[in-house]
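Working notes for the structure below.
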Amino acid sequence: MVDKDVPIAMGTGEEEEFEEKETPTESMLTDIVNTIKEKQEELGKSLSEYTMSFQKPLVDIMETDDSIMVITDLPGVKKENVDVDISEDTIEIVAKFDEEIEEEGANYLRKERSYGETRRSMVLPAKIDVKKAKAKFKDSVLTVDLPKIMEAKHKVEIK
């Protein structure tokens with residue numbers, strides 16, 4: 001550790017302390033900059049929440065040698081309010097959330113849960129056999145099993 005020299009002020013005690021004061025213009029500019037920073041943070045949080053809502057419902061996609069499995073949590077959704085549309089290489093999940101009845105005289109302190117309709121469309125990593133696809137909905141979890149199309153391989157003889 002290196003010792004540093006620290007200057008010691010020796011005075012009579014009559015010296016005036018030097019304080020750097022902001023001019024009114026500098027103070028106003030500091031306030032403006034601080035306000036802009038606060039608003040940027042608020043906007044960033046709002047945009048983050050807004051863009052996250054487009055990603056709902058959140059999904060897990062797993063792939064095995066012979067199938068692709070899509071698992072989605074849909075809390076508060078009834079089975080009859082879920083639609084799954086598939087093609088050879090895409091899946092679209094649509095869920096309708098019923099809005100709960102509001103209590104009379106109650107004031108919301110925070111309201112974050114989604115109501116209405118949400119949809120998610122994804123391109124799958126392999127072609128699937130649409131006719132063999134299966135879906136089940138249990139305990140608010142949608143599980144879709146998508147068997148892959150198994151292409152027959154033909155061995156070519158080399159001469």
**Request:** Would you indicate whether the side-chain heavy atoms of L58 and D73 approach each other to under 4.5 Å?
**Result:** no

**Message:** Applying side chain to side chain contact (heavy atoms under 4.5 Å, CB included), can you list everything that pairs with L29, at least two apart in sequence or on another chain?
**Reply:** T25

**Fill in**
Distance col, row M69:CE vs M62:CE, nearest 0.5 angstrom, shows 5.5 Å

**Request:** First locate atom NZ of K37, then atom CD of Q40, and finally report the distance between them rounded to the nearest 0.5 Å.
**Result:** 9.0 Å

**Item:** Considering all heavy atoms, the nearest P147-S67 contact
**Value:** CA-CB, 4.0 Å

**Prompt:** About how many Å separate CG of N81 and CG of L74, when rounded to the nearest 0.5 Å?
**Reply:** 10.5 Å

**Request:** Would you mind telling me which of D65, D66, I68, T64 makes a side chain to side chain contact (heavy atoms under 4.5 Å, CB included) with K148?
**Result:** I68

**Prompt:** Which distance, rounded to the nearest 0.5 Å, do you find between the CD1 of I86 and the CG of L124?
**Reply:** 8.5 Å

**Message:** Please give me the minimum heavy-atom distance between T118 and F97, naming the atom from each residue.
**Reply:** CG2-CE1, 3.1 Å

**Request:** Only counting residues at least two apart or in another chain, list the ones meeting salt bridge (charged side-chain N to carboxylate O under 4.0 Å, His left out) with D129.
**Result:** K132

**Request:** Please examine the side chains of K96 and D83, heavy atoms only from C-beta on, and report whether any two atoms are closer than 4.5 Å.
**Result:** yes

**Complete:** Separation between CD1 (I93) and CZ (R120), nearest 0.5 Å, reads 8.5 Å

**Prompt:** Going only through I, L, V, M, F, W and Y residues with side-chain contacts under 4.5 Å, is there a path from L146 to M122?
**Reply:** yes

**Request:** Please report the closest heavy-atom contact between S140 and G76, naming both atoms and the distance.
**Result:** OG-N, 3.9 Å

**Asked** Which atom names give the shortest non-hydrogen contact between S27 and E22, and what distance separates them?
**Response** CA-OE1, 3.3 Å

**Message:** Would a single hydrophobic cluster contain both V70 and V141, if residues Ile, Leu, Val, Met, Phe, Trp and Tyr are joined by side-chain heavy-atom contacts under 4.5 Å?
**Reply:** no

**Asked** If you round to the nearest 0.5 Å, how far is CD1 of I61 from CD1 of I71?
**Response** 10.0 Å

**Asked** Is there a path from V94 to V59 through hydrophobic residues (I, L, V, M, F, W, Y) whose side chains come within less than 4.5 Å of each other?
**Response** no

